[in-house]
Amino acid sequence: MHLRQRRLMQPAFHRDRISGFGNLMVGYADRMRNSWTDGVTLDVSREMNRLTLSIVGKTLFDVDVDQQAAAVGEALTAVMESFWMMMLPFSELLERLPVPKLRRARMARARLDAIIYGMIADRRASGRDHGDLLSMLLTAQDEDEGGGMTDQQVRDEAMTIFLAGHETTANALMWMWYLLSSAPDVEAKLHAEVDRVLQGRLPGLGDLASLQYVERVVTEAMRLYPPAWIIGRRAIEDYALGDYVAPARSILVMSPYLMQRDPRFYTDPGRFDPDRWTPEFRAALPKFAYFPFGGGPRQCIGESFAWMELILLTATISQQWRLRLVPGHPVVPQPLITLRAKHGMRMTVEKR
Ligand code: HEM
C-alpha cells in the first residue's frame, strides 16, 4: 500500500516541477521580511511556521492558507502533545478514553480534517487541473475507481504532506536562527556570501549552487537540531539486529539527534561549526551518521523541496535582517514528533 501511494506522489516531487516553486518561496519570504519592523520582538517559531505553511499550501495545494495558519498551528500542537500517549501499547484503546489531552487531540484532528476537506471540495467544485499534488491525488482517484483512492485516502495523503511539509522546515529554520544569533562570526560569513552572490537582488534558483556557505549553515543546524529527532518503526515479526533479536511488535527507535552528536563522527560535536562540511568530510562520513531526512523506502519525499526552501528562505531573510535571541529567554528543546522549542523562540529582528 505504501509503495503504491508513494509512486503516485512521486511525480509531484520531481525536480523539474519543484524548481518552479523557487520564486514562489522567495516571494513569500520577501513578503514576510517586509512586514517586520526594526527592533521588534517576535516568536520566530511562529513566524517560520506561518511562512512554511503558506508555502506548502500554495505550492502543493494552490491555496492561500495565510488566514488559517493560526488555527492549523494550534491544532497541530494539540495533536503533537498527545504523541507520547499514542506511542504506548493499547494506544487505540487509550484514545477512546476521556483523557483531556487526547480529547483535545481528537478535536484538533477534526479541525485539521475540516481544513483539508475544504481544500478538496473547493478543487472539485472548480473542476480545473491545477497541476499540483492535490489535482494528482484526485485524478488518480477518478481514473481508477475500482482500486483507486477513497476520499479518506486522498485526505490522508494530503494531510501527511500538509503536516510533514511545513512544521519540519519551520523547525529547522528556527533552530538555525537561534544558532546564528550566538555565533556572530558564522553570521558575518553568511552575510558576506549572501551580499556577494546576490548583489542586493532577490535570490533565485540559479543562485543555489553559489550559496554554498548558506547550505553549510543549514546542514550544520540540522545536525545539531534535526527536526525529526527520532524515527520509529514497529517490528512486524521477530527482527534480528546483529546478536539481538527484537521480538515482534517491538518499537525500534533511531535517533538522528544522537547519531549527529556522536564524537565518533564529529569532533567537538556540540560546536556549531558549518566549516566542518567540506566535500572531503562529507565524502568520508558513514551513511547514517547524518540522516535528518531518514532513509530507506520511507525516506523523506520532500527532501529536495526542503533544501531549496531552506536555502532560499535563509538567503532572503538574512539579506536584510539579523535575528537576536531575547536575553534571558529560556531555550528548552521539547521533543515531540518534531524537536520544538518549549517556550517558542523570542527574538528581536534588527535591520542590517
Ligand atoms: C527540514 C525539513 C524536513 C525534514 C527534516 C524531514 C524529515 C523527514 C523524515 C525523517 C522522514 C521519514 C520518516 C520515517 O522514516 O518514519 C520524512 C518523511 C516524509 N516527508 Fe519529510 N522532512 C522535511 C521536509 C518535508 C517537506 C518539505 C515535505 C513535502 C513538501 C515532506 C514530506 C514528507 C512525506 C510525504 C514523508 C513520508 C514519505 C513516505 O512515507 O513515503 N517533508 N521526512
Side-chain angles (χ1 to χ4, degrees), residues 1-15 17-22 24-25 28 45 48-49 51-63 65 76 83 86-87 116 132-134 136-137 153-177 214-215 217-235 251-260 287-288 290-314 335-340:
M1 191 63 206
H2 170 254
L3 191 61
R4 184 171 168 274
Q5 301 291 99
R6 176 113 186 169
R7 287 210 182 107
L8 193 66
M9 291 207 289
Q10 208 81 52
F13 290 95
H14 191 272
R15 205 169 281 275
R17 178 175 288 275
I18 283 177
S19 61
F21 295 152
L24 239 153
M25 292 171 172
Y28 276 100
S45 164
M48 294 299 117
N49 268 289
L51 184 54
T52 56
L53 185 68
S54 302
I55 290 172
V56 88
K58 190 70 189 170
T59 52
L60 297 172
F61 305 111
D62 196 18
V63 292
V65 283
L76 209 53
F83 163 61
M86 289 186 201
M87 291 270 283
I116 304 263
D132 59 7
L133 183 78
L134 191 55
M136 286 189 189
L137 294 177
Q153 280 170 326
V154 174
R155 189 277 318 258
D156 287 351
E157 295 301 324
M159 183 80 91
T160 303
I161 301 199
F162 193 55
L163 301 185
H166 84 280
E167 158 79 19
T168 42
T169 316
N171 208 273
L173 289 166
M174 172 195 75
W175 290 113
M176 183 197 66
W177 296 124
V214 178
E215 183 175 343
V217 168
V218 172
T219 306
E220 178 71 345
M222 277 197 290
R223 179 182 73 80
L224 287 167
Y225 295 99
W229 66 286
I230 54 166
I231 298 169
R233 292 288 183 272
R234 188 194 290 271
I251 291 178
L252 305 172
V253 175
M254 296 143 278
S255 174
Y257 185 94
L258 285 181
M259 292 301 282
Q260 294 170 188
K287 187 163 179 213
F288 285 104
Y290 185 81
F291 63 120
F293 293 96
R298 281 173 197 267
Q299 171 155 9
C300 180
I301 202 170
E303 179 168 353
S304 310
F305 186 106
W307 278 111
M308 184 169 115
E309 184 176 9
L310 290 165
I311 295 170
L312 290 177
L313 300 192
T314 302
L336 298 174
I337 297 175
T338 55
L339 190 60
R340 291 182 159 197

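Sequence positions, counted from 1, serve as the residue numbers for this chain. Remember, it's 1-based here, ligands and their atoms both numbered in the order they're listed. In what follows, every heavy atom counts, from backbone to side chain, and hydrogens, waters and symmetry copies are set aside.
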Could you identify the single nearest non-hydrogen protein atom to atom 40 (O) of ligand 1 and state the distance to 0.1 Å? His2 NE2, 3.2 Å
Determine whether a donor-acceptor pair (N or O, by modelled atom type, separation under 3.5 Å) exists between the side chain of Trp229 and the backbone of Leu336. yes
Please verify the inter-ring angle class for Trp307 with Phe293; under 30° counts as parallel, over 60° as perpendicular, anything in between as tilted. tilted
Ignoring hydrogens, what is the shortest heavy-atom contact between Thr338 and Glu167? Give both atom names and the distance. OG1-OE2, 2.6 Å
Less than 3.5 Å between some nitrogen or oxygen of Arg233 and one of ligand 1, yes or no? yes
Applying side chain to side chain contact (heavy atoms under 4.5 Å, CB included), name anything that partners Leu24, two or more places apart in sequence or on another chain. Tyr28, Lys58, Thr59
Protein N, O or S atoms under 2.8 Å from atom 21 (Fe) of ligand 1: 1
Return the closest protein heavy atom for atom 5 (C) of ligand 1 as residue, atom name and distance. Pro292 O, 3.4 Å
Are the side chain of Tyr290 and the backbone N or O of Thr219 linked by a donor-acceptor pair below 3.5 Å? yes
Over all atoms of both residues, closest heavy-atom pair of Met48 and Met174: CG-N, 4.3 Å
Among protein heavy atoms, which sits nearest to atom 12 (C) of ligand 1, and what does the distance come to when rounded to 0.1 Å? Arg298 O, 3.4 Å
Closest approach of Thr52 and Ala170, non-hydrogen atoms and distance? OG1-CB, 3.5 Å
Flag: protein heavy atom within less than 4.0 Å of atom 37 (C) of ligand 1: no
Proximal ligand 1 atoms for Ile231, defined as those under 4.0 Å from one of its heavy atoms: 10 (C), 14 (C), 15 (O), 16 (O)
Taking it one step at a time, do Gln260 and Met222 satisfy side chain to side chain contact (heavy atoms under 4.5 Å, CB included)? CA-CA 9 Å; Gln260 294 170 188; Met222 277 197 290; 5.6 Å; no
Give the residue, atom name and distance (to 0.1 Å) of the protein heavy atom nearest atom 27 (C) of ligand 1. Phe305 CD2, 3.4 Å
Criterion side chain to side chain contact (heavy atoms under 4.5 Å, CB included) against Met25, the qualifying member of Leu310, Leu51, Ile55, Ile311: Ile55
